[in-house]
Amino acid sequence: QVQLVESGGGLVQAGDSLRLSCAVSGRTFGGYVMGWFRQAPGKEREFVAAIFWTGGATFYADSVKGRFTISRDNAKNTVYLQMNSLKPEDTGLYFCASGRDSNLPTPGGYNPWGLGAPVAVSS
C-alpha cells in the first residue's frame, strides 16, 4: 500500500521559514504529480503547490507564489515544500498528496493523502 508521511512542521514567528518533507513509500499507480494542500480550522482545504515527478514542472497558488518553493528528489521518493517569509495566514495543517495532471488545484484529483503536518505562524 502507498503511504505518504509529512514531517517538518512546527511553531514559528512571522517572517521565519520551515521546510516540509513528504516521504512516499509503497507502489503508486498513475501518480504523475505531487501536491501540497493546507487547511485552516473552519476552512476548506486549499491548493498550495504541485510538482511533476517527471520534468519537475511546478505550480503555485497566488497566495504563496514567491515565498514557497516545491521540489522533489526522485531517487528518495520525497517531495519538499520550502516555506519562507511565513505569515499568520499560512497557519494550518499541511498535507501532501499524489495525483494526476487533470486538475492540479482540485483536492478531489489526489489520492492518497498524508496525515498532515501542523504549521503555526504567530504574529
Side-chain angles (χ1 to χ4, degrees):
Q1 301 93 317
V2 178
Q3 288 186 218
L4 307 180
V5 181
E6 302 98 335
S7 61
L11 173 63
V12 298
Q13 296 182 358
D16 286 352
S17 298
L18 280 175
R19 189 197 191 199
L20 302 180
S21 297
C22 175
V24 182
S25 62
R27 190 81 177 273
T28 302
F29 296 98
Y32 308 123
V33 178
M34 290 295 293
W36 283 99
F37 293 78
R38 66 188 182 188
Q39 187 168 24
K43 295 186 177 181
E44 296 183 359
R45 192 165 299 184
E46 66 172 338
F47 172 78
V48 175
I51 187 169
F52 282 83
W53 282 113
T54 300
T58 58
F59 304 86
Y60 298 92
D62 290 339
S63 60
V64 305
K65 195 172 299 182
R67 299 188 298 119
F68 291 11
T69 302
I70 187 171
S71 61
R72 88 276 194 254
D73 187 330
N74 293 53
K76 296 181 179 179
N77 294 122
T78 302
V79 178
Y80 307 94
L81 184 67
Q82 178 66 45
M83 304 183 293
N84 298 328
S85 302
L86 283 164
K87 305 174 181 179
E89 52 262 43
D90 294 319
T91 294
L93 197 63
Y94 283 69
F95 301 89
C96 67
S98 176
R100 293 182 175 271
D101 61 349
S102 58
N103 196 346
L104 299 179
T106 304
Y110 293 78
N111 188 274
W113 294 73
L115 296 179
V119 173
V121 185
S122 62
S123 300

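- What you find for K76 and T78 is that their closest heavy atoms are O-OG1, 2.9 Å.
- Atom OG of S123 and atom CD of Q13 lie 10.0 Å apart (nearest 0.5 Å).
- Atoms CG and CG, from L11 and L18 in turn, are 9.0 Å apart once rounded to the nearest 0.5 Å.
- Although no hydrogens or angles enter the test, the distance criterion places a donor-acceptor pair under 3.5 Å between the side chain of R72 and the main chain of F52.
- Note on ring orientation: taking the six-membered ring where Trp is involved, the planes of F68 and Y94 are tilted (angle from 30° to 60°).
- Residue-environment remark: CD (E89) exceeds the threshold of 12 foreign heavy atoms within 6.0 Å.
- No chain of hydrophobic side-chain contacts below 4.5 Å, direct or via other Ile, Leu, Val, Met, Phe, Trp or Tyr residues, connects L115 to V48.
- Note that the OG1 atom of T106 and the CZ atom of R100 stand 15.0 Å from one another [nearest 0.5 Å].
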Discussion item. Under the criterion side-chain contact (heavy atoms from CB on, under 4.5 Å), I'd like the reasoning laid out for R67 against M83: C-alpha separation, chi angles, the key distance, then a yes or no.
Written reply: CA-CA 6 Å; R67 299 188 298 119; M83 304 183 293; over 6 Å; no
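- Panel note: side chain Y110, backbone M34; no donor-acceptor pair is recorded below 3.5 Å.
- V79 and V5 are members of different hydrophobic clusters when ILVMFWY side chains are connected at heavy-atom separations under 4.5 Å.
- T69 contributes atom OG1, which lies 14.0 Å from atom OH of Y80 (distance to the nearest 0.5 angstrom).
- Taking CZ of R19 as the reference point, atom CG of N84 lies at 11.5 Å (rounded to 0.5 Å).
- In terms of heavy atoms, N103 sits closest to P105 at OD1-CD, 3.1 Å.
- Nearest heavy-atom pair, I70 versus W36, reported as atom, atom and distance to 0.1 Å: CD1-CD1, 3.5 Å.
- Side-chain contact between D90 and R38: present, with at least one pair of heavy atoms (C-beta onward) separated by less than 4.5 Å.
- Across all non-hydrogen atoms, the minimal contact from S85 to S17 is N-OG, 4.2 Å.
- Nearest approach of A50 to V33, heavy atoms of both residues: CB-CG1, 3.8 Å.
- When every heavy atom of S98 is checked against every heavy atom of L4, the shortest pair comes out as N-CD1, 3.8 Å.
- Between F37 and W113, the angle of the ring planes lies from 30° to 60°, which puts this pair in the tilted group.
- A donor-acceptor pair under 3.5 Å is formed between the side chain of N74 and the backbone N or O of W53.
- Looking at heavy atoms from C-beta onward, F47 lies out of side-chain contact with V64 at the 4.5 angstrom threshold.
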Item to complete: Decide salt bridge (charged side-chain N to carboxylate O under 4.0 Å, His left out) for K65 and D62; before the verdict, give the C-alpha distance in whole Å, the side-chain angles of both, and the deciding distance to 0.1 Å.
Response: CA-CA 5 Å; K65 195 172 299 182; D62 290 339; 3.4 Å; yes
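- Counting only distance, with no hydrogens or angles, the side chain of E6 and the backbone of C96 share a donor-acceptor pair below 3.5 Å.
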